[in-house]
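Worksheet: the structure to be examined is printed underneath.
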Amino acid sequence: MSATLRIARAEVTDAVRSRALWVVTAVLSLFVVTRLWLYGDLLAGTTYPFLSTLDTFAEFVPLLVIILGYRAVVGERVSGRIRLLLGQPGRRRDIVTGKYVGRAATLLAVVLAVALLLSAFVVAQFGTDGPTEIVGGLAVLVLYTFAWLGVTVGVSSVAISETRVIGVLIGLYALCVVLWDTLVMSLVSLVVTGQADTGVDPLAGRFATLEEPTWFLYVNRLNPLHAFDGARYYVPDLLDIAFVGGTTTAPHAPNIFGLGVLLAWATVPVLVGYWRFQRADLD
Amino acid sequence: MTAIETDGLTKRYGDLEAISDVDLTVERGEIFGFLGPNGAGKSTTIDVLLDFIRPTAGRASVLDDDPQENPRAVREQIGILPDEYSLYDRLTGREHVVFAIEMNDAADDPDEILERVGLADAADQRAGDYSKGMGQRLALGMALVGDPDVLILDEPSSGIDPNGMHEIRTLLREEADRGATVFFSSHALEQVEAICDRVCVLDDGELLAVSTVENLRDSLDSRSVLVLTLDANPDPDLDLNDDHGLLELPDVTDVERTETALRIECADPGVKSAAISRVEDTGASVVDIDVEQASLEDLFAELTTDSTEGADPIETPGGERA
């Protein structure tokens, strides 16, 4: 077993025994179940209720990842545990990768447990989602979790203060969740079309199948929330095409771009973070 | 092959120079004390050896490997007890040692390690419930895993009671007997002198001297000060310049008189009783006797003065003067 996996395993053992993990999991479960109970009637009218309910995770996963992950590397530096870890044979790279893998394992266990619970409820109640919707939806959820984990561990590897890490991450969350449609997209729209109004009704249909305006399809997917929004319908369609035969009404290019965006969020920040961490004085 | 070597090692933080131009050689198999007051730069030096921080200038090597170029090779051969570390609060003592054994690909028995550091009874307790001293023992145990060739210990005595320190010294001697090099820092001479073959003294980022413990102790003893408290009913005609003839005694280097006390600096501790009789012979009544042991700080001050004024350097058999 590599140093990375050993550090990851110590991480997981430590996390499983932390009260925070169980509290957060309980809150998440409660939130998901409550939402299902409140909006169950709306779901009954949709084609794929499970894929629809996954949007619960769009806003919740980043919060979960930030809460359980922001200390990943910076916490080790602040507490000094990094000195204990680096006192053992292993490189700084093993710290970053070990933290990433360890937190990923913990977070995926929580997210998947809640999502599977949710899928069981939805299938029992509506029964309209097939295996490709469930598997595809869960796969996209995993990728989406990794996207937020990548940026969280990346920021955590660069900063030397926990407050700054949490500040940057909450700022990013606010940008993606609160300010994106009203501010970012309006600004981009102003630059591209000359009008602040994007001309797209955010509630109109499935974002995945939207075909224009082209700039909107790509810029909007830079936000992992929207990339997730498209991918959770697109990937099940791909699975259908591959395994049971079928077609998709979703355009390939912007949706594949969206998957690339999620992959980039999962990897690029953590690589940059590692690059900076590698050169830092740990004192 | 030297165990530890630094060459012109310098670390600056902005304008602040934490260590400057430190040249140090620790031979294999010796127990080497790294002595200096808090803030002298001991941890900075050790942090460079462990590649926690990178030097501004100069270089360091551990067993001929550069920690910065080859951190993994260095860490595989050494055991580290760093300062300001922290443990996994929710992992037990045994889990910590097992972690260290796995990281080192070692074949040690975790219980044997825990036994050696005196934690056998607390093996299944979570480290979060450990006292400072127990945590320190656990970290030391983790450092012992894999029989490292070099042990680097930063202030191992912190948080440990005197009994515990005795056990730890025994442990370090065992490690040295097996052939390991032991390098440890301390701000307290008594920790170092009980075990070390050689010591070096670091103050304000500069290496002042490398010496044997005996030489260091000699120069400390030579600076003991005898304080005599005299009759609280002072003579109205008191002459504050009256040295009671003490300066005629050989080995009395200085006398300071206040209204109720005499501070007598002795170059040789043996002169103390003669000094007391001399004072009593002059008719003064001594009501209390106190000996101020010269502190390490005094020694550091003396060494600093030596190096600036070019006075007699401390003898450094087997070592070299910084």
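B/N104 touches chain A through backbone and side chain together, each having a heavy atom under 4.5 Å away. Heavy atoms of B/L91 lying under 4.5 Å from chain A belong to its backbone as well as its side chain. At a 4.5 Å heavy-atom cutoff, the contact between B/F52 and chain A is made by backbone and side-chain atoms alike.
A cation-pi arrangement is present between A/R81 and B/Y88, with the terminal nitrogen or guanidinium carbon under 6.0 Å from the aromatic centre and inside a 45° cone about the axis.
A side-chain donor from one of B/D154 and B/S185 sits under 3.5 Å from a side-chain acceptor of the other. No hydrogens or angles considered: a donor-acceptor pair under 3.5 Å links the side chains of B/Q136 and B/Y85. In this structure, a donor-acceptor pair under 3.5 Å is present between the side chains of B/E5 and B/T2. A/D94 and A/T4 form a side-chain donor-acceptor contact under 3.5 Å, judged by distance and modelled atom types alone.
Residue with the most contacts toward chain A among B/S43, B/A100, B/P71: B/A100 (heavy-atom pairs, distance under 4.5 Å). Ranking A/A15, A/G87, A/G80, A/A280 against chain B, the residue ahead of the rest is A/G80, based on heavy-atom pairs under 4.5 Å. Among the candidates B/K11, B/Q77, B/Q68, the residue making the largest number of heavy-atom pairs closer than 4.5 Å to chain A is B/K11. Among the candidates B/L81, B/V74, B/D51, the residue making the largest number of heavy-atom pairs closer than 4.5 Å to chain A is B/D51. Looking only at heavy-atom pairs under 4.5 Å with chain B, the residue among A/I82, A/L282, A/V16, A/D14 that has the most is A/D14. Ranking B/L87, B/L50, B/T44, B/I152 against chain A, the residue ahead of the rest is B/L87, based on heavy-atom pairs under 4.5 Å. The residue among A/E76, A/R91, A/E11 with the most heavy atom pairs within less than 4.5 Å of chain B is A/R91.
Within the 3.5 Å criterion, the main-chain N or O of B/D111 finds a donor-acceptor partner in the side chain of B/D109.
The aromatic rings of A/W180 and A/H226 sit tilted, their planes meeting at an angle between 30° and 60°.
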